[in-house]
Undergrad: 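This is the structure I want to talk about, given as structure tokens.
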Amino acid sequence: MSSKILVTNLRTTANFCKTLNFLQRPWTPFIASQQSCDVHVDNPPSIPTLTTSYVHGISSHSLLSSTVDQCLHRSVERHPDREALVFMQNGMRKTFAQFYQDVEQTAAGLLAVGLKRGDRLGMWGPNIYEWILMQFATAKTGIILVSVNPAYQLQEVEFALRKVQCNAVVCPTQFKTQRYCDMLRQLCPEMETASSGGIKSSRLPDLHTVIVTDSQQPGAFHLKDVMQAGSSQHYQQLQDLQKKLSCDDPINIQFTSKNVRICLPVPLYHCFGSVGGGMVMAVHGTTVIFPSTGYDGHANLVAIEKEKCTFMYGTPTMFIDMLSQPDLAQIDFSSVEGGITAGSPCPPEVIRKVINATGAKEMLEKHKLHQGDGG
């Protein structure tokens, strides 16, 4: 194998692992773009401890030790009148200065309604302004933001809130068919008679505060009232907190899929199979299911259903063949979350048909993998 082909394959391997980042997090990056993997440092490595989260080699640039709020504040100082956020659907535009004012108001308000550093606040909703507002307001107060999937149903959200012992939930009244407040009332019927911030739930014992972004609900705060609740005392408390917060503090809890099961009908001699299958298995701890020794459309469908595959791999011709299988409509695709097509460009209509047929939430096209072929 020539050195040129080797470098190409190594780059393709690294790029493919980056592409597959959405399959599972947290993950350890697979780095294969250098001939030497030695790390030279001034001193011998120290024994790792539970507080070790990064390593720094010889460099003229130090690692940043800024908190989230410090990073945002610097951008506010540099570009106060530049647009920071634009929400096309409702026409909302916020400059950095306007956004930071909202962040400070919200942060002070969270302290005013009884939340404190180290509490867990679940943000449950779609891509709305209030989501990113809470992201930075919680970081400023030291409250840990819990990212709750906006598509969660009753049992899923109950599991998530109980698992991380959420003290507060922020949500809109509803989004499309998702009725967030109704679901919270089913989980916490105590909301109907509770005072705002005083919820005592038997099913969610840690939850005491619900904040609704767009309406007034029994037992809950309206976000606009929270944003006006902060007094000079709370702003001083917020200022004092900034001296205590560290870049090493936890700020976000995310739920990720741990049980990734990949249906792999593509050949192992291609990097799609060997890297996307074998190496991803090694790096991410995924399960790889091989439907057949050579491609078999029917065996592929059987494997997806029987082995409860969460991700499907395939070339465009494989997915086209899958769509033409006579028993396609009888296959249970309920476990499928997404898929990857590669090897050659895939027509958009094929991707749309695969999503419609399987209910996949996302399909990724990686059509440059053939550049790594050879050797």
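Here the structure is a predicted model, which means the values were calculated and not measured. When reading the values below, keep in mind they use all heavy atoms of this one structure, side chains included, and skip hydrogens, waters and symmetry mates.
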Undergrad: Please report the interatomic distance CD(Q233) to CG(L238), rounded to the nearest 0.5 Å.
TA: 12.0 Å
Undergrad: Do Q217 and S215 pass the side-chain hydrogen bond (donor to acceptor under 3.5 Å, both in side chains) test, and can you show the C-alpha distance, the side-chain angles, and the key distance before you say yes or no?
TA: CA-CA 6 Å; Q217 299 288 327; S215 71; 2.9 Å; yes
Undergrad: Would you sort out whether E190 and S202 count as a side chain to side chain contact (heavy atoms under 4.5 Å, CB included), showing the intermediate values?
TA: CA-CA 9 Å; E190 298 91 345; S202 57; 3.5 Å; yes
Undergrad: Using 0.5 Å steps for rounding, measure from the CD1 atom of I331 to the CG atom of L301.
TA: 5.0 Å
Undergrad: Roughly how far, to the nearest 0.5 Å, is CD1 of I211 from NE2 of H222?
TA: 11.5 Å
Undergrad: Decide side chain to side chain contact (heavy atoms under 4.5 Å, CB included) for L223 and M227; before the verdict, give the C-alpha distance in whole Å, the side-chain angles of both, and the deciding distance to 0.1 Å.
TA: CA-CA 6 Å; L223 178 58; M227 293 180 70; 4.1 Å; yes
Undergrad: Mind listing the closest non-hydrogen atom pair of G338 and A360 along with its distance?
TA: CA-CB, 4.0 Å
Undergrad: Counting only heavy atoms not in R179, do more than 12 sit closer than 6.0 Å to its CZ atom?
TA: no
Undergrad: Using only atom types and a distance under 3.5 Å, with no angle test, would you say the side chain of N167 pairs donor to acceptor with the backbone of L207?
TA: no
Undergrad: Any donor and acceptor pair, going by atom type alone, linking the side chain of D327 with main-chain N or O of Q330 inside 3.5 Å?
TA: no
Undergrad: Taking all non-hydrogen atoms of both residues, which atom of L72 and which atom of F136 are closest, and how far apart?
TA: CD2-CD2, 3.7 Å
Undergrad: Under the criterion side-chain hydrogen bond (donor to acceptor under 3.5 Å, both in side chains), I'd like the reasoning laid out for Q178 against Q153: C-alpha separation, chi angles, the key distance, then a yes or no.
TA: CA-CA 8 Å; Q178 286 289 89; Q153 298 303 307; 2.7 Å; yes
Undergrad: Does the pair D249/K244 count as a salt bridge with the N-to-O cut at 4.0 Å?
TA: no
Undergrad: Taking it one step at a time, do Q236 and D240 satisfy side-chain hydrogen bond (donor to acceptor under 3.5 Å, both in side chains)?
TA: CA-CA 6 Å; Q236 182 61 51; D240 294 340; 3.0 Å; yes
Undergrad: Report yes if some heavy atom in the side chain of V169 is under 4.5 Å from a heavy atom in the side chain of L121; otherwise report no.
TA: no
Undergrad: Could you report the tightest heavy-atom contact between V212 and C181, atom names first, then the distance?
TA: CG2-SG, 3.8 Å
Undergrad: Going by heavy atoms in the side chains, are V157 and V148 under 4.5 Å from each other?
TA: yes
Undergrad: Would you say the side chain of V350 lies within less than 4.5 Å of the side chain of K353, judging by non-hydrogen atoms?
TA: no
Undergrad: Contact between Y313 and P265 at the side-chain level, heavy atoms closer than 4.5 Å - yes or no?
TA: yes
Undergrad: Side chains of I289 and I262: does their closest heavy-atom pair fall under 4.5 Å?
TA: no
Undergrad: Would you please classify the geometry between the F87 ring and the Y129 ring as parallel, tilted or perpendicular, with 30° and 60° separating the classes?
TA: perpendicular
Undergrad: If I take atom CZ from residue F311 and atom CG from residue L264, how far apart are they, to the nearest 0.5 angstrom?
TA: 14.0 Å
Undergrad: So which of K94, Q105, K140, H73 actually passes side-chain hydrogen bond (donor to acceptor under 3.5 Å, both in side chains) with Y100?
TA: K140
Undergrad: Any non-hydrogen side-chain atom of H208 less than 4.5 Å from a side-chain atom of L115?
TA: yes
Undergrad: With heavy-atom distances below 4.5 Å as the criterion, would you say the side chains of L184 and W124 are in contact?
TA: yes
Undergrad: Under a 3.5 Å distance rule, please check whether S196 uses its side chain to pair with a backbone N or O of A220 as donor and acceptor.
TA: yes
Undergrad: For the atom pair CG (D119) and CD1 (I144), what is the distance rounded to the nearest 0.5 Å?
TA: 8.5 Å
Undergrad: Quick check: does any side chain N or O of Q70 sit under 3.5 Å from a backbone N or O of T67, one acting as donor and the other as acceptor?
TA: yes
Undergrad: Between V86 and M92, is any pair of side-chain heavy atoms under 4.5 Å apart?
TA: no
Undergrad: Determine whether a donor-acceptor pair (N or O, by modelled atom type, separation under 3.5 Å) exists between the side chain of Y180 and the backbone of V170.
TA: no
Undergrad: Closer than 3.5 angstrom, by distance alone: can the side chain of R261 be matched with the main-chain N or O of E307 as a donor-acceptor pair?
TA: yes
Undergrad: Walk me through it: do T95 and D81 pass the test side-chain hydrogen bond (donor to acceptor under 3.5 Å, both in side chains)?
TA: CA-CA 5 Å; T95 65; D81 299 322; 5.4 Å; no
Undergrad: Okay, side chain of N252, backbone of L145: is any donor-acceptor separation there less than 3.5 Å?
TA: yes
Undergrad: Keeping the roles fixed (side chain from D69, backbone from Q242), state whether a donor-acceptor pair exists under 3.5 Å.
TA: no
Undergrad: Is there a donor-acceptor contact under 3.5 Å from the side chain of S335 to the main chain of C309?
TA: yes
Undergrad: Under the 3.5 angstrom rule, does the side chain of R162 hit a backbone N or O of R203 as a donor-acceptor pair?
TA: yes
Undergrad: Treat each ILVMFWY residue as a node, draw an edge where side-chain heavy atoms are under 4.5 Å apart, and state whether V164 and L187 are in one component.
TA: yes
Undergrad: Salt bridge check: are R93 and E83 linked by an N-O gap of less than 4.0 Å?
TA: yes
